[in-house]
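Step one of this worksheet: look at the structure below.
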Amino acid sequence: MLNIAVMVSGGGTNLQALMDAVADGSVRNARISIVISNKKDAYALTRVAGRGIKNCCIAPKDYENKEAFGHALLAALEAEQVDLIVLAGYLVILPGLLIQRYKNKIINIHPSLIPSFCGAGFYGLKVHEGVLARGVKVTGATVHFVDEGTDTGPIILQKAVAVEPDDTPQTLQRRVMEQAEWVILPEAVDLIANGRVRVEDGKVRIL
Ligand code: GRF
């Protein structure tokens, strides 16, 4: 059984998709052991309430530096014997010590087809604003492993979504979530939990 930590900052719709997929059996051999937010009032934490999943807020501002923050996160993760960390709309750059400790054990969902519209500055609605400004006809979402760079780790799954002529950043964000993010994030977790994801030469092979 894979012990998962989900890290969130906001609305938590990807967390919801993952909790639902674990509950209905479409993600097998995995359990969400803990949900960690960097914001006390994140709606994602409200979604967890009553589900019997441990949750807490660990905020960078409560620590004197990034390293101390990293050690606090590490202590929470180790206490739950976490095997996989899922960043689901987590808006904090993870301290390097976590990335080293959990190499190829941290995944992120990004709302575009990497390597387009990713990297520094491309988060939240800014991604979809960039897509509309460039006029691309297809966008989507990517689940990837997290390495030291921003959105540079090995790509696990991608799914394309059409851009419609009258889209706003908000309508496009919603379509990308519904058609891609909430589908491929649970799918990637299921593949990992069932031993079907291997990283070779910086690339993912699905077994
Ligand atoms: C999603 O678009 C995710 O791809 C991005 O931040 C958003 C989070 O949404 N990184 P939610 O908190 O899961 O609703």
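One-based numbering along the sequence shown. As the structure lists them, so they are numbered: ligands from 1, and atoms in each ligand from 1. Predicted model, so just to flag it, every value in this text is computed and none were measured.
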Minimum-distance protein heavy atom relative to atom 12 (O) of ligand 1: Gly12 N, 2.8 Å
Rounded distance [0.5 Å steps], OG in Ser37 versus OH in Tyr43: 14.0 Å
Check: Asn14 N/O within less than 3.5 Å of ligand 1 N/O: yes
Gly11: numbered ligand 1 atoms lying under 4.0 Å from its heavy atoms: 12 (O), 14 (O)
Ile36 and Leu77: CA distance, side-chain angles, deciding distance, side-chain contact (heavy atoms from CB on, under 4.5 Å) verdict: CA-CA 9 Å; Ile36 302 175; Leu77 296 166; 4.0 Å; yes
Identity and separation of the nearest protein heavy atom to atom 9 (O) of ligand 1: Met177 CE, 3.4 Å
Protein heavy atom at shortest distance from atom 1 (C) of ligand 1: Glu181 OE1, 3.0 Å
Nearest non-hydrogen partners of Leu113 and Thr142, listed with the distance: CA-OG1, 3.6 Å
Residue and atom name of the nearest protein heavy atom (relative to atom 14 (O) of ligand 1), distance in Å to one decimal: Thr13 OG1, 2.6 Å
CG-OG1 distance between Leu125 and Thr168, expressed to the nearest 0.5 angstrom: 8.5 Å
Distance from atom 8 (C) of ligand 1 to nearest protein heavy atom, with residue and atom: Gly89 CA, 3.6 Å
Verdict with reasoning, Ile107 to Ile85, per side-chain contact (heavy atoms from CB on, under 4.5 Å): CA-CA 6 Å; Ile107 66 172; Ile85 301 171; over 6 Å; no
Element-labelled atoms of ligand 1 that are located less than 4.0 Å from some non-hydrogen atom of Pro111: 2 (O), 4 (O)
Approximate separation, where rounding is to 0.5 Å, of Phe69 CZ and Leu94 CG: 7.5 Å
Heavy-atom nearest neighbour in the protein, as seen from atom 10 (N) of ligand 1, with distance rounded to 0.1 Å: Ile109 O, 3.4 Å
Between Asn14 and Glu181: side-chain donor-acceptor atoms closer than 3.5 Å: yes
